[in-house]
Amino acid sequence: MEAVQKTPEREAFYKKIDGENLSALWNVLGDLVTPEPRSACRPHLWKFDAIRDYMTEAGKLITAKEAERRVLILENPGLRGQSRITTSLFAGVQMVIPGDIAPAHRHSQSALRFVLEGRGSTTSVDGEQTVMEPGDFVITPSMTWHDHANQTNEPMFWLDGLDIPMVQFFDASFAEASKEDQQKISRPPGDSFARYGHNLLPVDVKRASKTSPIFNYPFAYTREALEKAKRSDEWDACHGLKLKYTNPATGDFAMPTIGTFIQLLPKGFKTARYRSTDATVFAAIEGKGRSRIGDKVFEWGPRDLFVVPSWQWVTHEADEDAVLFSFSDRPVQQKLDLFREDRGNA
Ligand code: 1HN
């Protein structure tokens with residue numbers, strides 16, 4: 001679509017209608033309807049060690065209680081000032097230090113946590129508390145009460161992923177603070193995992209929620225699945241061995257707005273190029289390697305975080321067995337029939 005020519009008559013016309021809150025589609029059509037995704041989102045990598053240092057500094061400046069959540073936002077370099085890592089998703093790194101209580105609140109935005117470092121801190125969701133360890137994937141569904149605490153003697157860090165920009169887009173945000181810092185616990189630890197995490201479901205399961213009833217997917221199980229499947233599965237050229245977290249009651253993604261994945265890249269493996277319309281946030285949890293995104297190469301190790309924009313070619317290469325967690329807006333795109341992927345020739 002080519003830009004239309006400017007003439008004095010046309011310019012005068014645009015000026016006249018501008019005062020009436022009108023504008024001409026033919027001047028903007030090419031930017032609105034692009035032949036391919038054209039995103040301001042840029043590829044980027046954050047080294048965890050640098051973030052840990054800044055977070056430690058932040059820990060001396062503000063308590064979790066005053067901050068409500070002590071989080072440093074991962075701002076995409078192409079989207080600065082918008083509190084987003086991709087066009088549709090928020091990501092941040094949160095630190096809870098010994099003695100911290102991040103007070104109970106709830107909001108429309110769904111959240112995920114992926115634990116990066118430290119063990120033993122707790123998060124409570126909807127009346128159940130869970131103890132977190134590195135690699136655990138924890139869900140806070142929309143409008144559920146949640147609070148965090150660290151009663152250990154080591155700091156804990158995790159990656160937060162939220163659908164904040166999506167909720168913003170729909171102007172659908174509601175939020176509420178609780179009068180009590182920590183919610184009442186009404187169910188024993190492990191209750192949801194016992195009921196839903198063993199290929200069993202309560203026989204008269206009520207109308208299934210769009211968010212998984214399992215709210216902590218422990219890394220021990222995830223890692224075991226990868227290790228055991230590794231022996232029998234063939235490697236996918238683009239993904240190595242990649243699994244998606246699911247809601248056992250529906251078979252759909254674990255969260256309605258955010259798709260979450262775990263993948264194993266064996267030592268020496270180099271993936272074939274791949275691109276998809278869902279810009280994706282990655283967290284390395286084990287191993288070392290590098291990813292080429294467009295024409296840039298990013299070296300990653302444990303706990304490093306990087307983002308792949310929509311429709312940019314990506315390849316991964318592992319120097320040792322590597323495990324990558326990732327999340328994107330794929331569930332939404334698939335429901336809207338917008339998702340596209342391209343496996344190159346693989
Ligand atoms: C939030 O509630 C948490 O509960 C983390 O840990 C990050 C970022 C923006 C808005 C709410 C949490 C958040 C957040």
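Atoms within each ligand, like the ligands themselves, are counted from 1 in listed order.
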| field | Residue and atom name of the nearest protein heavy atom (relative to atom 9 (C) of ligand 1), distance in Å to one decimal | value | Ile164 CD1, 3.3 Å

| Heavy-atom contacts under 4.0 Å between His107 and ligand 1: side chain, backbone, both, or neither? | side chain

| message | Tell me which one of Ile85, Val93, Leu45 satisfies side chain to side chain contact (heavy atoms under 4.5 Å, CB included) with Leu305. | response | Val93

| request: Just jot down the ligand 1 atoms closer than 4.0 angstrom to any heavy atom of Phe90, in number order. | output: 8 (C)

| Of the protein's non-hydrogen atoms, which lies at the shortest distance from atom 2 (O) of ligand 1, and what is that distance? | His105 NE2, 2.7 Å

| Are side-chain N/O atoms of Ser173 and Gln109 paired as donor and acceptor at under 3.5 Å? | yes

| field | For Asp160, the ligand 1 atoms whose distance to one of its heavy atoms is below 4.0 Å | value | 5 (C), 7 (C)

| task | Identify whether Leu324 and Ile285 are in the same connected component of the hydrophobic contact network (ILVMFWY, side-chain heavy atoms under 4.5 Å). | result | yes

| field | Aromatic centroids of Phe157 and Phe48 separated by under 6.0 Å | value | yes

| request: Flag Gln94 as yes when one of its N or O atoms lies below 3.5 Å from any N or O atom of ligand 1, and as no otherwise. | output: yes

| task | Assess the pair His239 and Phe261: is the distance between their ring centroids shorter than 6.0 Å? | result | no

| query | Can you tell me the protein heavy atom closest to atom 12 (C) of ligand 1 and the distance? | reply | Arg69 NE, 2.8 Å

| field | Candidate pair Asp49 and Arg52, rule salt bridge (Lys or Arg N to Asp or Glu O under 4.0 Å), full reasoning | value | CA-CA 5 Å; Asp49 286 348; Arg52 186 205 290 107; 3.1 Å; yes

| Does Arg113 have a non-hydrogen atom less than 4.0 Å from ligand 1? | yes

| message | Looking only at protein heavy atoms, which one is nearest to atom 13 (C) of ligand 1, and what is the separation? | response | Leu162 CD1, 3.7 Å

| Ligand-side contact atoms (ligand 1) for residue partner His148, heavy atom cut-off under 4.0 Å | 4 (O), 6 (O), 12 (C)

| message | Looking only at the side chains, is there a donor atom on one of Ser39 and Trp311 sitting less than 3.5 Å from an acceptor on the other? | response | no

| query | At a non-hydrogen distance cut-off of under 4.0 Å, which region of Thr140 contacts ligand 1 (side chain, backbone, both, or neither)? | reply | neither

| Any donor-acceptor N/O pair, Glu75 side chain to Ser83 backbone, under 3.5 Å | yes

